[in-house]
Structure formats: C-alpha cells, structure tokens
Number of protein chains: 2
Amino acid sequence: MARITGSNGERTAAAIRRAALRLIHRHGFAAMNLRELAAGVGIQPGSLYNHITTKQGLLFDLMQEHMTTLLAETDAALAAAGPALIDRLRGFIAHHVLYHLERKQEVYIANFELRALDPPNAACILAMRRAYEDRLIALLEEGVAEGTLAMSDVRVTAYAMLAMLTGVCTWYRPGGRLGRAEIVALHVDLALDGIRRR
Amino acid sequence: MARITGSNGERTAAAIRRAALRLIHRHGFAAMNLRELAAGVGIQPGSLYNHITTKQGLLFDLMQEHMTTLLAETDAALAAAGPALIDRLRGFIAHHVLYHLERKQEVYIANFELRALDPPNAACILAMRRAYEDRLIALLEEGVAEGTLAMSDVRVTAYAMLAMLTGVCTWYRPGGRLGRAEIVALHVDLALDGIRRR
DNA sequence: GCTCTAAACTAACATACGTTTGTTTTCTCA
DNA sequence: TGAGAAAACAAACGTATGTTAGTTTAGAGC
C-alpha cells in the first residue's frame, strides 16, 4: 500500500497537531513517542515526516502558534475594553483566564515544556512570553502611577498574578461544578481585592 | 576495580537524591537518564541499583519525602502562629512561600512530575497533596464563617492561591533583586488584599 | 490522458536507555 | 582475624526511539 484514498495533507497535518497536543499534555514531550503519535493519527511513524521536520520542530511549531495567538487575542481584548485602566486590567485578567480555560493543552505545554526546546527555539518562545508579561506589567505600572493600584513590586506581583491566573489549566475540567463565567469573575475579584473582607 | 576505598552507602544514596533532584528539575523525569545521573554522582550506571529500586521508585521516594516534610513543617508553622484565624492564615502563606523559595527543585518536581508516576504511586502522592490543600481550605472556611474573609468559592480560591504562591519556584533565583522576606511579605499582602488600593 | 507532486507505506538503521548479571574489593563486627 | 554484607565495577541484554530510505499509489494541472 502507499498513498491512501481520500488522504489530504492539510487534514493530516491538523490531526497530527491535535494528537500531539493531547499526548504532550498527557505524558510530557520527552515521554511522548512518535509511534504513539502516528497511531493516534492513524498513519505509520515514517509518514509523520511528510508533515513535520523533527519531533523538536513539531513542539516549537505548536508553542509558537500558541504564543502568537495569545498575544494577538490579548491585544484585541485590551483594545475592546473601556479606556479606564481598571477596565483594561479586568479585560486582561478575564481574557487570560478564559483563554486558559479554553486551551488548557496549549497553555500547559507552552508553560511547562520550555526546557524541552533547543536553546535557540527556547529563546524565541521566551521572548514572546516576556512580551506577554510586559502587557500586564505596563498595566500595573499605569495603575500605580495614577494611584488606583498599590503593590510593593510590580514585576514580582505580575509574576504572582500570572501564576495564579494560569493555575486554572491544571485543575479545570469542562462541565465541572463552576461555570466559566464564575471562574473568570472569581479570579478577577481575587486579583483585585484578595480574600479579606472589606 | 570494585568497591571503592572510602565508599559509603548513606553518602552515596544522599548524593544520588541530590543529583536526581537537580537533573529532574532541569530536564524533567522522562528526559533524565540514569547514565547522566550516575555520572553526576561519580559511579557506574549499574551501581545506582545498590541504592534505588527502579527509576520510577526513585522519583516516588523523592516526592514522598518532600510531601511528608511539607505537611509536617506546615503543621508546625500553624501551631506556632497566634490563635487568631488571620495569624494562622498569614503563617500558612508565609511558610508556603518560604518553603517554596528554599526548595524549588523538590517543589517543582512534586508539582509537575505527577504524571510520570505509576497510577498507584500517583494516587499516594495525590492524597498527600489533597491533605495539604485541605489545610488551606479549612482556614478559608473558618475565615468565611467568622466573617473575616469573603470569596465566592472556597475550593477554587484555594487552588488559585496555591497556584500563585507556588509560582515563586518557577522564577526565583537566590541573590536576586528582592530578598526572601520581601517576597514572602508581597505574597501575603497580595493574597489577602489584592492589588487595588484601599 | 499524462505527468508531476503529495502523501502514504514498509523496512530498517543507529543509538540510547533501563536494567540485570557476575565479579571484585572494602568494610564491619563477632 | 576471618566471614558475611555492602558497595562498587565491567559488560551486556533487550527493547524503544527518532529518523531515513526507497517504494507505491492517489490527486491535481496542463
């Protein structure tokens, strides 16, 4: 046998990305093997190489695609928010949580498989991550400058907030006790006002 | 050659654990190989098996030891704190952050290598993690009951707080811009009051 | 309808890995 | 001081893995 009736390059490539996200998310990049990936797609191991350069290249593509989307959607969310600082900040937080609820796998991989990337690839993804962090840092600095926000260190606060907001993708399961909107609102409130009663 | 002059079982076992923590933290469990581990200790690969059962068993031991220590130290910190709820809560948060600053490697591994454990081992570690989460959940429920704290959902708030507080071990480097005490205080304030100016 | 390319197949290669085996030397303690 | 246990070595085994090579068939454009 050789080329299969009805086979289609784009469709197969998409299936590979989808299966790879699932497997990397479940087992980690190093523990995922290309034979299992190929089986998940329904093709032979060697056939993967019609669609990917290397295993490493596949990971990099997945991460880069995710970071590009995240940055673009974040900027769109910020532009759509009201002009007041507090509204843009709420917009950022809400978008971050929602995005992380909806794309657990991509987010988890982008956050925890950085060490699996070759140094040049890692540097590229890291730069995009920094650009994302800078969006939040800029908002926090603006809030401190105008007096709406108060914190002892902007950068570390930003890291702490991002860690908290990203945490959802480690435990969220669709169809759980809380709906997405509730989870989003909870995180917005928690970040802005903490847990102490006012 | 065979047994080395001055060799010592306990010392070697400790060196293995130390090297394993470093390597698993750096590369991940699946990507760490026993030849590199042995080289880090200064023995031959096969000699590892005088001290470990299997690679999997080594990971489980590291995690179990860490979780046991974390639970014990947490209870000690809670007992040492003042009787008021807010003081015990501050104590929990401060201890958590400090512990995570001081034992980045163990914490990182215990949090992100759960999927590398065999199901029975994973269940054991997961139970200990739940016990830890329950410490915080109990504090939050007490605070809500007495009216000091306010949140829309205790369990999800606990998850969010733990994610935030655990985040330090992904970026902290000893000797950085901020000292440990400052980082601890920042997280206590952030968790309790958020970033909005009162 | 013919040709070129796309996309799959089968088969294998080279290496890396966890682990086992058998042996040797050092340490401990009765 | 001598026997057993501890702790290392050297060497290998079996398998899994990423990747490549060569081949074959289906689809697309002239």
Side-chain angles (χ1 to χ4, degrees), chain A residues 1-24 26-63 109 113 115-119 121, chain B residues 1-24 26-63 109 113 115-119 121:
Chain A
M1 268 182 285
R3 182 166 183 174
I4 293 303
T5 308
S7 71
N8 174 293
E10 260 183 67
R11 185 150 26 92
T12 303
I16 290 173
R17 286 202 300 275
R18 212 177 322 122
L21 285 175
R22 196 185 71 238
L23 290 174
I24 298 174
R26 185 181 308 165
H27 302 125
F29 176 72
M32 174 201 75
N33 68 75
L34 296 186
R35 280 168 176 77
E36 195 180 355
L37 175 61
V41 178
I43 60 177
Q44 294 300 310
S47 305
L48 290 172
Y49 286 83
N50 288 313
H51 307 279
I52 68 173
T53 57
T54 60
K55 190 189 178 193
Q56 168 74 206
L58 169 61
L59 176 63
F60 178 64
D61 285 348
L62 291 173
M63 286 185 149
I109 292 169
E113 295 293 358
R115 62 183 168 191
L117 286 177
D118 291 338
N121 289 345
Chain B
M1 266 182 286
R3 181 166 184 173
I4 292 303
T5 307
S7 71
N8 174 293
E10 260 183 67
R11 186 151 26 90
T12 302
I16 290 173
R17 286 202 300 275
R18 212 177 321 122
L21 285 174
R22 198 185 70 240
L23 289 174
I24 298 174
R26 185 180 309 164
H27 302 126
F29 176 72
M32 174 200 74
N33 68 75
L34 296 186
R35 282 168 176 78
E36 194 180 356
L37 175 61
V41 177
I43 60 178
Q44 295 300 310
S47 305
L48 290 171
Y49 286 83
N50 289 313
H51 308 277
I52 67 173
T53 57
T54 59
K55 190 189 179 193
Q56 168 74 205
L58 170 61
L59 176 63
F60 177 63
D61 285 347
L62 291 174
M63 286 186 147
I109 293 168
E113 295 293 358
R115 62 182 169 191
L117 287 176
D118 290 340
N121 290 343

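Letters go in sequence order (proteins before strands), and every chain restarts at 1.
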Distance check: side-chain N/O of B/H51 vs OP1/OP2 of D/dA6, anything under 4.0 Å? no
Round to a whole Å and report the spacing from CG of B/L37 to C1' of C/dC17. 13 Å
Compare side-chain N and O positions of A/T12 against OP1 and OP2 of C/dA7 and report whether any pair is under 4.0 Å apart. no
Contact check, side chains of B/L59 and B/I109, non-hydrogen atoms, under 4.5 Å: yes
Phosphate oxygens OP1/OP2 of C/dA16: is one of them under 4.0 Å from a side-chain N or O of B/N33? no
Side-chain heavy atoms of B/F60 within contact of B/L117, under 4.5 Å: yes
Is the phosphate of D/dC9, meaning OP1 or OP2, less than 4.0 Å from a side-chain N or O of B/S47? yes
Taking the nucleotide of DNA chain D with the nearest heavy atom to each, does A/A31 or A/G46 sit closer to the 5' end? A/A31
Protein-nucleotide distance (A/M32, atom CE; D/dT17, atom P), rounded to Å: 11 Å
Roughly, in whole Å, what's the span from CZ in B/R35 to C1' in D/dA12? 10 Å
Rounded to the nearest Å, what distance is computed from the CG atom of residue A/L59 to the P atom of nucleotide D/dT17? 17 Å
Rounded to the Å, how far apart are B/L48 CG and C/dC17 C1'? 13 Å
B/K55 NZ - D/dA16 C1' separation (whole Å): 13 Å
If I take atom CD1 in residue B/I52 and atom P in nucleotide D/dA6, what distance separates them, rounded to the nearest angstrom? 18 Å
For a quick test of reading the model: is some side-chain N or O of B/Q44 closer than 4.0 Å to OP1 or OP2 of D/dA8? no
With heavy-atom distances below 4.5 Å as the criterion, would you say the side chains of B/L34 and B/Y49 are in contact? yes
Quick one: is D/dG18 close enough that its OP1 or OP2 comes under 4.0 Å of any side-chain N or O from A/T54? no
Looking only at heavy atoms, the pair that brings A/L37 and A/I16 closest together is CD1-O, 3.8 Å
Roughly, in whole Å, what's the span from CD in A/Q56 to P in D/dT17? 18 Å
Below 4.5 Å, heavy atoms only, C-beta onward: do B/K55 and B/M32 meet side chain to side chain? yes
Among D/dA8, D/dG18, C/dT20, the one nearest any side-chain atom of B/Y49 is C/dT20
Phosphate contact (D/dA8 OP1 or OP2) by B/N50 side-chain N/O below 4.0 Å: no
